[in-house]
Amino acid sequence: MTVGAFSEWRKLPVSLSELCINTTLRCGQSFRWHNVPDSDEWRCVLHGRLLSLKQDPTHLYYRTYLPSHPPQNTISPPPPPPKTAAAIPPTQQKASPPPTDHISTPTNDDDDPILPLLTAYFNLPANLTTLYEGWSQHDANFRRKAPQFTGIRILRQDAWEALIAFICSSNNNIARISQMVEKLCRRYGAFVATVDGRAYHDFPGPEAMVGDADDGEEGVDVEATLRGLGFGYRAKYIGQTARIVALEREEGWLEGLRNPESVALGYAGSLGGEGGSGDAGEWKEEGREGYRLAHAKLLELQGVGPKVADCVCLMGLGWGEAVPVDTHVWQIAQRDYKFGKGSHKSLNKVLYDAVGNHFRRLWGKEAGWAQSVLFTANLRTFSDRLAATSSKVGVKVEVKDEEGGNDGVEVKTEVTTATAIPLKRAASEDGVKVKAEDDTDTHAVLQASQTTTTRRMSKRLRKR
DNA sequence: CGTTGACCTCC
DNA sequence: GAGGTCAAC
């Protein structure tokens with residue numbers, strides 16, 4: 001049995017504006033982080049290591065679990081029956097100690113392999129404060145909401161893990177997605193350690209999911225197994241995708257789609273569109289070549305549509321301009337950016353691209369990062385933060401009804417009469433009507449009635 | 001070629 | 001219905 005212990009805490013100076021793990025780890029990017037009950041400690045297996053994180057206003061604290069028997073890096077064949085896990089006695093470490101034990105600052109990086117790992121995973125070189133400032137400068141709606149949602153940054157996850165997780169995400173909620181991913185790891189992933197009665201596994205590679213070695217023939221019943229685990233129709237997608245990636249693509253194919261400069265974020269990019277040129281890699285509102293290519297290649301896999309492909313591009317492959325347009329973002333586009341009024345009702349391919357292009361034009365090279373902030377602000381889980389704001393906002397507001405088109409559903413739109421900053425230009429090349437009112441100082445009150453609006457939009461969406 | 005259901009569970 | 005995708009009109 002594997003019994004080990006955590007290393008001592010180390011700390012890294014990071015402000016909450018630069019990184020807020022409590023938000024970033026819960027906003028639907030990764031579905032693997034586990035919040036240790038009654039604590040602010042988060043645990044997850046990254047690259048075969050069990051990591052533990054916590055933070056205070058000035059630092060990020062981290063430690064890693066050291067099993068007495070080093071974890072074998074084998075690609076974990078068959079599943080260790082989860083039952084054995086419970087038999088393991090709890091480890092010695094205290095339940096969520098305040099960061100006071102032995103804390104060392106990583107002055108000597110020699111014996112600390114975790115720091116570079118975290119730096120990459122959290123994309124730490126990117127200066128989030130600067131990015132927020134840029135987006136706020138060009139977008140009043142972002143400027144209004146962002147203060148309640150600071151420290152949200154895009155994770156640099158393993159591409160394969162992101163791919164599978166987001167295939168699971170279709171028609172699904174965060175809680176169940178997390179559950180499914182957990183089951184997948186337990187069944188196919190390498191066992192790493194058991195701590196506090198909970199077993200931790202690594203995320204299995206594609207080759208581990210092409211067939212159960214147990215059952216003899218290859219390709220046997222990964223789908224059936226996953227269905228048994230409650231994956232529903234996604235079981236087939238995962239089985240097929242695993243087979244394609246493991247057997248029909250060369251080694252490292254997926255990683256090869258990664259943005260080569262994904263670490264070098266943080267410098268003042270071409271925010272705001274036409275303005276800033278002169279960056280490495282030609283910028284287009286539809287995204288760079290490499291991003292478009294990666295997106296196209298991902299679409300060839302099973303269970304991967306435009307939205308999932310963009311999630312993988314953004315969170316798994318380092319393409320900051322990828323803007324996944326799901327039902328939430330589509331709502332945001334309509335509610336806060338006057339998208340798709342009247343004419344188009346459903347989110348089709350053309351409209352999907354148009355929304356992405358619009359946000360890329362507005363937010364620039366890291367549009368996907370900005371998107372995740374507004375996306376999170378739109379999640380029910382975090383809606384309380386907005387309630388606090390909207391009550392404060394005592395702006396003069398003019399309420400007027402617009403004709404919602406011929407769908408018979410009225411969409412109440414509230415617009416302030418405040419300053420209208422002239423916008424460079426609306427999207428005309430898209431062939432889609434977009435009112436150029438993004439930069440108006442509006443939307444303050446829209447947040448107040450957020451829940452209501454959301455429900456109404458939701459209805460309207462599915463009405464069609 | 002754009003639109004419409006079905007698809008697996010669970011809250 | 002839920003943070004879509006696929007296949008059939």
Side-chain angles (χ1 to χ4, degrees), chain A residues 23-31 149 152 154-155 157 162-184 222-241 244 295-296 298-316 322-335 340 343-356 359 368 371-383 407 431-432 450-451 453-464:
Chain A
T23 312
T24 300
L25 266 24
R26 291 193 300 146
C27 68
Q29 292 192 57
S30 170
F31 304 92
F149 295 91
I152 300 175
I154 293 298
L155 301 175
Q157 300 181 251
L163 173 59
I164 297 305
F166 284 107
I167 288 178
C168 292
S169 76
S170 81
N171 243 316
N172 217 155
N173 54 62
I174 292 178
R176 187 153 86 105
I177 299 167
S178 306
Q179 218 170 266
M180 290 163 68
V181 171
E182 177 64 24
K183 285 178 179 174
L184 185 77
V222 170
E223 177 182 348
T225 301
L226 292 178
R227 276 186 180 273
L229 291 176
F231 279 63
Y233 62 89
R234 306 161 197 88
K236 178 160 64 175
Y237 295 155
I238 292 174
Q240 291 176 134
T241 291
I244 293 174
H295 193 267
L298 289 170
L299 286 181
E300 295 173 8
L301 303 172
Q302 286 302 305
V304 180
K307 186 265 181 180
V308 169
D310 270 323
C311 286
V312 177
C313 282
L314 177 63
M315 300 167 231
V323 178
V325 183
D326 56 29
T327 164
H328 279 198
V329 174
W330 175 230
Q331 285 171 26
I332 293 170
Q334 292 177 105
R335 194 219 307 133
S343 53
H344 305 83
K345 299 159 201 166
S346 63
L347 183 58
N348 55 34
K349 171 87 170 77
V350 177
L351 214 29
Y352 183 99
D353 292 335
V355 171
F359 284 137
Q371 168 271 346
S372 78
V373 176
L374 293 191
F375 172 84
T376 303
N378 211 53
L379 287 179
R380 278 181 181 263
T381 322
F382 300 104
S383 59
D407 53 4
V432 178
Q450 191 208 6
T451 28
T453 307
T454 297
R455 285 198 194 111
R456 186 190 300 125
M457 287 308 204
S458 184
K459 243 182 199 171
R460 179 170 180 269
L461 260 181
R462 55 181 18 285
K463 189 184 179 205
R464 258 177 292 182

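So you know, we letter chains A, B, ... as the sequences are listed, proteins then strands, and number each from 1.
- A 3.5 Å limit on both hydrogen-bonding distances identifies no Watson-Crick or G-U partner for C/dG3.
- The distance between the ring centers of A/Phe375 and A/Phe149 does not fall below 6.0 angstrom.
- In this entry the distance linking CG of A/Leu314 with C1' of C/dG3 reads 14 Å, nearest Å.
- Annotation: C/dG1 and B/dG5 have their C1' atoms spaced 15 Å apart (nearest Å).
- Rounded to whole Å, the distance from CD1 on A/Ile177 to P on C/dG3 is 8 Å.
- For the 3.5 Å distance criterion, the side chains of A/Arg335 and A/Asn378 qualify, holding a donor opposite an acceptor.
- A/Asn348 places its CG atom 11 Å from the P atom of B/dT4, with the value rounded to the nearest Å.
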query: Could you run down nucleotides 4-9 of chain C 5' to 3' and tag each one B, S or - for protein heavy-atom contact under 4.0 Å?
result: BBS---
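- Applying the 4.0 Å criterion to OP1 and OP2 of C/dG3, one finds that A/Asn378 has every side-chain N and O outside that range.
- Listed by chain and number, the residues in a salt bridge (Lys or Arg N to Asp or Glu O under 4.0 Å) with A/Arg26 amount to none (sequence neighbours excluded).
- Comparing C/dC6 with B/dC10, their P atoms sit 24 Å apart, to the nearest whole Å.
- Among the protein residues, A/Ile174 comes within range of the nucleic acid bases, having at least one heavy atom under 4.0 Å from a base atom.
- With hydrogens and angles disregarded, a donor-acceptor distance shorter than 3.5 Å links the side chain of A/Lys183 to the backbone of A/Leu229.
- Contact annotation for A/Cys27: base contact, defined as any heavy-atom pair under 4.0 Å involving a base atom.
- Within 4.0 Å (heavy atoms only), A/Arg234 reaches at least one base atom of the nucleic acid.
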Residues A/Met180, A/Ser178; criterion side-chain contact (heavy atoms from CB on, under 4.5 Å); working and verdict: CA-CA 5 Å; A/Met180 290 163 68; A/Ser178 306; over 6 Å; no
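- Rounded to an integer number of Å, the gap from CG of A/Leu347 to C1' of B/dT4 is 15 Å.
- One interatomic measurement links the two molecules: CZ of A/Arg26 to C1' of C/dG3, which rounds to 16 Å at whole-angstrom precision.
- Between the side chains of A/Tyr233 and A/Ser170, a donor-acceptor pair is found at a separation under 3.5 Å.
- Remark: C1' of B/dC8 and NZ of A/Lys183 are 12 Å apart, rounded to the nearest angstrom.
- Classification of the A/Phe31-A/Phe166 ring pair by plane angle, with boundaries at 30° and 60°, yields perpendicular.
- In this entry B/dG2 has C/dC9 as its Watson-Crick or G-U wobble partner, both defining distances falling under 3.5 Å.
- No hydrogens or angles were tested; on distance alone, nothing pairs the side chain of A/Arg176 with the base of B/dC10 as donor and acceptor under 3.5 Å.
- The interatomic distance linking A/Lys236 (NZ) with B/dT9 (P) rounds to 14 Å, in whole Å.
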task: Evaluate side-chain contact (heavy atoms from CB on, under 4.5 Å) for A/Gln371 paired with A/Val329, printing each intermediate quantity in order.
output: CA-CA 8 Å; A/Gln371 168 271 346; A/Val329 174; 3.5 Å; yes
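- B/dC11 sits 24 Å from C/dT5 when the P atoms are compared, rounded to a whole Å.
- Taking atom CD of A/Gln331 as the reference point, atom C1' of C/dG1 lies 12 Å away to the nearest angstrom.
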